[in-house]
Amino acid sequence: MLLLLAALQILAVGMAQNQMDENKIIGGYTCTQNSQPWQAALLAGPGRRFLCGAVLLSEKWAITAAHCAYPILRVALGKHNLRRWEATEQVLNVARQVIYPSYNAQTHDNDLMLLQLQPPARLGKAVQPISVANSCARAGTTCRVSGWGTISSPVARYPNGLQCVNVDIFSDQACRQAYSRAITAGMVCAGVPQGGKDSCQGDSGGPLVCHGQLQGLVSWGMERCALPGYPGVYTNLCRYRNWIQEMIRGRGSSA
């Protein structure tokens with residue numbers, strides 16, 4: 001049985017490279033309503049199907065994972081329950097999608113994308129931007145992930161309200177030990193060693209917040225979430241802060 005489990009885990013590591021939407025909240029709790037005012041929902045196509053999480057950076061810009069790119073996108077802000085209308089909600093068009101220039105869809109390296117909003121967001125208690133971390137979080141730092149992804153794995157079960165979970169930053173060594181050569185300098189791992197708490201399907205592009213700053217975006221992980229020894233993998237935004245600021249200020253290039 002142990003040999004079979006080990007084989008399945010090794011297989012899942014390989015499969016994870018192509019699991020674009022296998023990122024969800026496991027082992028968490030329902031967030032206090034509007035306690036994560038930077039949290040956004042990414043809606044795809046004319047039918048506004050929920051696709052991914054996203055994060056508000058300013059009135060005019062949000063950020064998400066590059067693998068969440070889609071021809072027609074909208075950003076829903078001020079949301080708690082995705083299945084009903086709420087007085088605090090704003091649904092804005094995405095006028096421009098700016099994928100990080102060297103994003104690699106096969107390896108998930110550089111998995112981030114800026115979203116220019118039209119019209120700009122109206123800020124208030126339920127809608128507030130968050131700043132990108134100006135330094136990389138140390139191993140052991142406790143952070144919070146939020147999203148509307150499935151709350152069970154491998155059988156998906158989606159919540160009504162926004163979910164939160166507290167996870168710890170893993171050391172680079174522990175991260176690479178879990179995923180071998182799949183980890184790059186633009187990635188950071190977070191979870192709990194014993195498993196049971198993780199991001200998962202539907203949380204992609206959502207925020208990893210440490211000490212009140214945006215440290216990462218949900219990027220990828222095991223096909224089955226929250227396994228012991230296999231933390232979630234996040235885009236490590238401290239590595240991209242200069243590019244993000246240059247783009248938002250209009251001095252950058254998306255080419």
Side-chain angles (χ1 to χ4, degrees), residues 5 8-31 36 39-44 49-55 63-68 70 76 79-83 105 107-108 111-112 142-170 174-175 178-179 182-183 187-210 214-237:
L5 179 59
L8 288 173
Q9 288 178 340
I10 291 170
L11 175 63
V13 172
M15 291 175 65
Q17 299 303 307
N18 295 313
Q19 294 293 330
M20 290 299 185
D21 41 345
E22 286 299 327
N23 292 290
K24 49 222 173 224
I25 297 293
I26 303 291
Y29 53 93
T30 301
C31 309
Q36 316 299 309
Q39 175 79 49
L42 203 57
L43 310 178
R49 172 179 61 89
F50 174 69
L51 179 67
C52 286
V55 191
I63 192 168
T64 188
H67 75 255
C68 295
Y70 198 83
K79 291 295 295 175
H80 178 72
N81 189 325
L82 284 184
R83 299 181 183 177
T107 65
H108 301 280
D111 190 12
L112 67 154
T142 298
C143 308
R144 179 177 292 119
V145 190
S146 53
W148 288 279
T150 181
I151 56 176
S152 63
S153 178
V155 178
R157 187 161 56 94
Y158 292 92
N160 292 331
L162 183 68
Q163 300 294 298
C164 289
V165 68
N166 298 328
V167 293
D168 297 332
I169 298 293
F170 276 42
C175 189
Y179 295 109
I183 302 300
M187 301 175 186
V188 63
C189 289
V192 292
Q194 69 272 23
K197 295 183 178 183
D198 199 3
S199 52
C200 209
Q201 183 183 15
D203 289 327
S204 290
L208 174 71
V209 176
C210 310
L214 182 63
Q215 187 69 58
L217 301 173
V218 178
S219 181
W220 63 276
M222 295 288 279
E223 183 185 18
R224 181 172 180 176
C225 307
L227 289 174
Y230 292 95
V233 185
Y234 299 79
T235 306
N236 201 11
L237 292 182

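Keep in mind that the numbers below use all heavy atoms, side chains included, and drop hydrogens, waters and symmetry copies. Everything numeric here is computed off the predicted structure, so don't read it as measured data. Counting begins at 1 with the first residue of the sequence.
Proximity of Val209 to Cys143: side-chain heavy atoms (C-beta onward) are nowhere separated by under 4.5 Å. Side-chain contact check for Leu82 versus Tyr158: every heavy-atom pair is 4.5 Å or farther apart. Within the 4.5 Å cutoff, the side chain of Trp148 has heavy atoms near those of the Lys79 side chain. Residues Leu217 and Asp111 are not in side-chain contact: their nearest non-hydrogen atoms beyond the backbone lie 4.5 Å or more apart. In this structure, Pro159 and Thr30 have side chains that are not in contact, with every pair of non-hydrogen atoms separated by 4.5 Å or more.
In summary, of the residues considered (Arg144, Gln215, Gln36, Gln39), a side chain to side chain contact (heavy atoms under 4.5 Å, CB included) with Pro207 occurs for Gln39 alone. The one candidate from Pro231, Cys225, Ser153 that meets the side chain to side chain contact (heavy atoms under 4.5 Å, CB included) condition with Asp198 is Cys225.
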**Prompt:** Which is it for Ser146 and Gln163 under the side chain to side chain donor-acceptor pair (under 3.5 Å) test, yes or no, and what are the steps along the way?
**Reply:** CA-CA 5 Å; Ser146 53; Gln163 300 294 298; over 6 Å; no

**Prompt:** Could you walk me through whether Val167 and Val145 pass the side-chain contact (heavy atoms from CB on, under 4.5 Å) check?
**Reply:** CA-CA 7 Å; Val167 293; Val145 190; 3.7 Å; yes

**Request:** I would like to know whether Phe50 and Arg83 meet side-chain contact (heavy atoms from CB on, under 4.5 Å); could you show each step before the answer?
**Result:** CA-CA 10 Å; Phe50 174 69; Arg83 299 181 183 177; over 6 Å; no

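Atom CD1 of Ile151 and atom CD1 of Ile25 lie 11.0 Å apart (nearest 0.5 Å). Distance check, rounded to the nearest 0.5 Å: CG of Leu214 to CG of Leu208 gives 7.5 Å. Expressed to the nearest 0.5 Å, how far CG of Leu42 lies from CG of Leu51 amounts to 5.5 Å. Distance check: Asn236 CG to Ile183 CD1 gives 10.5 Å after rounding to the nearest 0.5 Å. One distance of note links CG of Leu43 with SG of Cys52; it measures 10.5 Å at 0.5 Å rounding. To the nearest 0.5 Å, atoms NE2 (His108) and OG (Ser204) are separated by 9.0 Å.
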